[in-house]
Amino acid sequence: MTERTSAQERIRTWMDMYQAAWTSNRAEDIRALFTEDALYETRPNDPHPWKGQDGIVDGWLAARDEPGDWMFTWELVGTDAETAFVQGVTTYSGDRRTYDNLWVIRLDPSGRASAFTEWFMERG
């Protein structure tokens with residue numbers, strides 16, 4: 001197995017876990033995604049990032065989406081050592097908006113994210 005294949009498998013596993021946590025909104029599912037000291041930025045250079053597992057759980061649950069209220073598709077656009085670049089589309093139900101997403105995810109050797117930054121842009 002090449003280093004690139006390993007990185008791709010790790011991010012696919014992480015993305016599966018992320019979507020499961022997005023669906024469940026269970027604190028233990030969210031916590032399992034991140035290192036104890038992880039940083040979650042809801043935008044680049046976020047002045048108020050969610051810090052640590054507890055901060056990430058609190059931020060996630062305060063801004064949570066309800067199960068069945070969204071659809072998400074994604075593709076891995078690249079990896080560089082421990083960093084993955086994911087492009088996605090989030091489509092919300094009803095009259096709610098659709099967003100294009102770019103995520104930068106830094107995974108530690110255990111497969112947990114030590115840093116997560118998202119960009120999202122509403123479709124016109």
Side-chain angles (χ1 to χ4, degrees):
M1 179 181 309
T2 67
E3 185 175 318
R4 183 171 176 82
T5 301
S6 176
Q8 290 174 349
E9 288 176 6
R10 287 177 46 217
I11 194 60
R12 281 189 175 83
T13 298
W14 192 88
M15 289 297 297
D16 288 346
M17 291 173 58
Y18 187 98
Q19 289 180 89
W22 196 354
T23 299
S24 75
N25 288 318
R26 291 176 38 198
E28 58 270 21
D29 294 342
I30 300 163
R31 205 174 268 112
L33 292 164
F34 299 97
T35 61
E36 288 185 25
D37 61 347
L39 187 67
Y40 189 121
E41 294 182 291
T42 60
R43 62 181 184 245
N45 302 304
D46 192 338
H48 305 289
W50 304 339
K51 296 180 182 177
Q53 289 175 333
D54 290 340
I56 292 169
V57 167
D58 291 346
W60 180 305
L61 294 178
R64 76 175 166 254
D65 293 319
E66 296 304 321
D69 204 24
W70 53 270
M71 285 182 16
F72 182 71
T73 58
W74 66 278
E75 68 175 297
L76 180 63
V77 292
T79 59
D80 181 26
E82 76 282 349
T83 304
F85 307 94
V86 171
Q87 184 175 4
V89 176
T90 307
T91 305
Y92 289 97
S93 61
D95 293 335
R96 296 176 60 201
R97 311 261 186 220
T98 295
Y99 294 88
D100 289 292
N101 311 109
L102 175 63
W103 294 354
V104 177
I105 308 155
R106 289 184 179 81
L107 297 178
D108 77 350
S110 75
R112 289 182 172 200
S114 60
F116 177 95
T117 304
E118 63 180 326
W119 285 256
F120 55 92
M121 181 175 285
E122 182 181 323
R123 286 197 172 175

Determine, step by step, whether Ile105 and Phe85 satisfy the side-chain contact (heavy atoms from CB on, under 4.5 Å) criterion, reporting the C-alpha distance in whole Å, the side-chain angles of both residues, the deciding distance to 0.1 Å, and the verdict.
-> CA-CA 7 Å; Ile105 308 155; Phe85 307 94; over 6 Å; no
Please test Leu107 against Phe116 for side-chain contact (heavy atoms from CB on, under 4.5 Å), starting from the C-alpha separation and ending with a verdict.
-> CA-CA 9 Å; Leu107 297 178; Phe116 177 95; over 6 Å; no
Hey, mind stepping through Trp119 and Arg43 against side-chain contact (heavy atoms from CB on, under 4.5 Å) and telling me if it holds?
-> CA-CA 5 Å; Trp119 285 256; Arg43 62 181 184 245; over 6 Å; no
Please step through side-chain contact (heavy atoms from CB on, under 4.5 Å) for the pair Lys51 and Tyr40, ending with a clear verdict.
-> CA-CA 6 Å; Lys51 296 180 182 177; Tyr40 189 121; over 6 Å; no
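Put simply, Trp50 and Phe120 are part of the same group of oily side chains (I, L, V, M, F, W, Y) that touch within less than 4.5 Å, one to the next. Following chains of ILVMFWY side-chain contacts shorter than 4.5 Å, one cannot reach Leu102 starting from Leu39, and the two form parts of different hydrophobic clusters.
Side-chain rings of Trp103 and Tyr18 approach one another, their centers coming within less than 6.0 Å.
Proximity of a side-chain donor or acceptor of Gln53 to a complementary backbone N or O of Phe34 within less than 3.5 Å is detected. The main-chain N or O of Leu33 is found under 3.5 Å from a side-chain atom of Trp14 such that the two form a donor-acceptor pair.
For Tyr92, the OH atom is densely surrounded, since the number of other residues' heavy atoms within 6.0 Å is greater than 12. Within 6.0 Å of the CG atom in Asn45, the count of heavy atoms belonging to other residues, nucleotides or ligands does not exceed 12. Counting heavy-atom neighbours within 6.0 Å of Arg106 CZ, excluding the residue itself, gives a total of 12 or less.
With rounding to the nearest 0.5 angstrom, the CH2 atom of Trp22 is 15.0 Å from the CG atom of Asp29. Remark: Asn101 CG to Met121 CE distance equals 11.0 Å, nearest 0.5 Å. A distance of 6.0 Å separates CG in Leu76 from CD in Gln8, rounded to the nearest 0.5 Å. One distance of note links OG1 of Thr117 with CG of Asp46; it measures 8.5 Å at 0.5 Å rounding. The OG atom of Ser114 lies 7.0 Å from the CD atom of Glu82; values are rounded to the nearest 0.5 Å. Between the CZ atom of Arg112 and the CD atom of Glu36 there is a distance of 7.5 Å, given to the nearest 0.5 Å.
Inter-residue side-chain proximity for Leu61 and Ile30 is flagged as met; some heavy-atom pair is nearer than 4.5 Å. Proximity of Trp74 to Gln87: side-chain heavy atoms (C-beta onward) are nowhere separated by under 4.5 Å. Contact annotation: the side chain of Glu41 never approaches that of Val104 to less than 4.5 Å [non-hydrogen atoms, C-beta and beyond].
Taking 4.0 Å as the cut-off between side-chain N and carboxylate O, Arg96 and Asp69 count as a salt-bridged pair. Salt-bridge formation is detected for the pair Arg64/Glu66: a Lys NZ or Arg NE/NH1/NH2 atom is positioned less than 4.0 Å from an Asp or Glu carboxylate oxygen.
Side-chain atoms of Asn25 and Trp60 form a donor-acceptor pair, as typed in the model, at a separation below 3.5 Å. Under the 3.5 Å distance criterion, with hydrogens and angles disregarded, no donor-acceptor pair is assigned to the side chains of Thr35 and Asp108.
Between Ala113 and Ala38, the closest heavy-atom pair is O-CB, 3.4 Å. Summarising the geometry of Ala7 relative to Ala81, their closest heavy-atom pair is CB-O, 4.2 Å, with the distance given to 0.1 Å.
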